[in-house]
Amino acid sequence: MGKITFIAHDQTEHVVDFEAGASVMQVAVDNAIPGIDGDCGGECACGTCHIIVAKEWFNKTGAPGQDEEQMLSMTPERTETSRLGCQVRTTEAMDGITVRLPEFQM
């Protein structure tokens with residue numbers, strides 16, 4: 001088990017536990033984190049789980065796939081460490097990860 005810190009656009013922090021293997025989006029939805037909708041249920045089809053991973057953690061999230069890159073290309077608040085939470089599977093090495101949430105989801 002590990003912890004993720006979600007930082008909302010208004011700087012409110014939400015620290016929640018996760019079980020390795022769950023997607024970051026599912027962890028957020030299961031813990032009612034405001035700002036993560038997950039409208040498509042994790043199918044990489046909507047972009048409503050956009051997260052901005054802290055630079056020091058980005059390499060632990062894996063590489064975005066082509067479908068994710070396509071969805072992120074439509075996101076106006078995209079940064080170099082943007083990911084879709086549905087595409088990031090948690091691992092034990094991610095214990096303590098921090099992700100920021102954009103002001104708006106697509």
Side-chain angles (χ1 to χ4, degrees):
M1 186 165 289
K3 293 196 181 298
I4 299 177
T5 300
F6 292 92
I7 303 174
H9 183 71
D10 67 2
Q11 304 308 311
T12 303
E13 292 188 13
H14 304 273
V15 180
V16 297
D17 294 325
F18 71 84
E19 297 267 344
S23 72
V24 171
M25 180 217 69
Q26 195 60 55
V27 172
V29 170
D30 289 350
N31 288 279
I33 301 298
I36 295 284
D37 299 328
D39 288 344
C40 72
E43 299 296 321
C44 195
C46 70
T48 62
C49 62
H50 176 206
I51 58 174
I52 301 164
V53 179
K55 283 186 181 193
E56 63 271 19
W57 289 98
F58 188 72
N59 289 337
K60 295 198 185 290
T61 65
Q66 185 175 10
D67 290 343
E68 182 180 2
E69 283 289 348
Q70 184 176 5
M71 291 304 302
L72 286 170
S73 72
M74 297 183 279
T75 304
E77 294 183 80
R78 184 180 187 175
T79 71
E80 65 182 42
T81 62
S82 285
R83 293 294 310 268
L84 294 181
C86 68
Q87 299 302 296
V88 178
R89 291 278 166 198
T90 57
T91 66
E92 291 180 15
M94 296 167 90
D95 182 21
I97 191 171
T98 298
V99 299
R100 294 188 172 276
L101 305 178
E103 184 173 6
F104 304 103
Q105 295 286 357
M106 290 193 331

Is the number of heavy atoms from other residues, nucleotides or ligands within 6.0 Å of CD (E92) greater than 12?
no
I'd like to know if V16 and V53 are part of one continuous hydrophobic network [Ile/Leu/Val/Met/Phe/Trp/Tyr, side-chain heavy atoms within less than 4.5 Å].
yes
Can you tell me how far SG of C46 sits from CG of D39, rounded to the nearest 0.5 angstrom?
5.0 Å
Can you find a pair of side-chain heavy atoms, one from V88 and one from M94, that are under 4.5 Å apart?
yes
Evaluate whether atom CD of Q70 has more than 12 neighbouring non-hydrogen atoms of other residues, nucleotides or ligands under 6.0 angstrom away.
no
Where C44 and D67 come nearest, the two heavy atoms and their spacing
SG-C, 3.8 Å
Closest heavy-atom pair and its distance - M74, P76
O-CD, 3.3 Å
C86 versus C49, closest heavy-atom pair with distance
N-SG, 3.3 Å
Within a reach of under 6.0 Å around CD of Q11, are more than 12 heavy atoms found that belong to other residues, nucleotides or ligands?
yes
Say you draw a straight line from CD1 of I33 to CD1 of I7; how long is it, rounded to the nearest 0.5 Å?
11.5 Å
Keeping the roles fixed (side chain from Q87, backbone from P64), state whether a donor-acceptor pair exists under 3.5 Å.
no
OG1-NE2 distance between T48 and H50, expressed to the nearest 0.5 angstrom:
11.5 Å
Shared hydrophobic cluster, I52 / F6 (ILVMFWY, side-chain heavy atoms < 4.5 Å)
no
Side chain proximity check, E80 to K55, heavy atoms < 4.5 angstrom
yes
d(M106 CE, R78 CZ) to nearest 0.5 Å is 10.5 Å
In this structure, OG of S23 is separated from CZ of F18 (nearest 0.5 Å) by 11.5 Å
Would you give the length of the straight line joining atom OG1 of T90 to atom CD of Q26, rounded to the nearest 0.5 angstrom?
10.5 Å
Using side-chain heavy atoms (C-beta onward) and a distance below 4.5 Å, is I36 in contact with I51?
yes
Is L72 reachable from L101 through a run of hydrophobic residues whose side-chain heavy atoms are each under 4.5 Å from the next?
no
Ignoring hydrogens, what is the shortest heavy-atom contact between K60 and A93? Give both atom names and the distance.
CD-O, 3.3 Å
Please check: side-chain N/O of T5 versus main-chain N/O of G96, any donor-acceptor pairing under 3.5 Å?
no
Within the side chain of R89, is there an N or O that forms a donor-acceptor pair under 3.5 Å with the backbone of G21?
yes
Do you know which two heavy atoms are closest between G47 and Q105, and how far apart they sit?
O-OE1, 3.2 Å
So, D17 side chain and K3 main chain: donor-acceptor pair closer than 3.5 Å or not?
no
Note, R83 side chain near F58 side chain (heavy atom, < 4.5 Å)
yes
Check whether any side-chain heavy atom of I97 lies under 4.5 Å from a side-chain heavy atom of T61, and answer yes or no.
yes
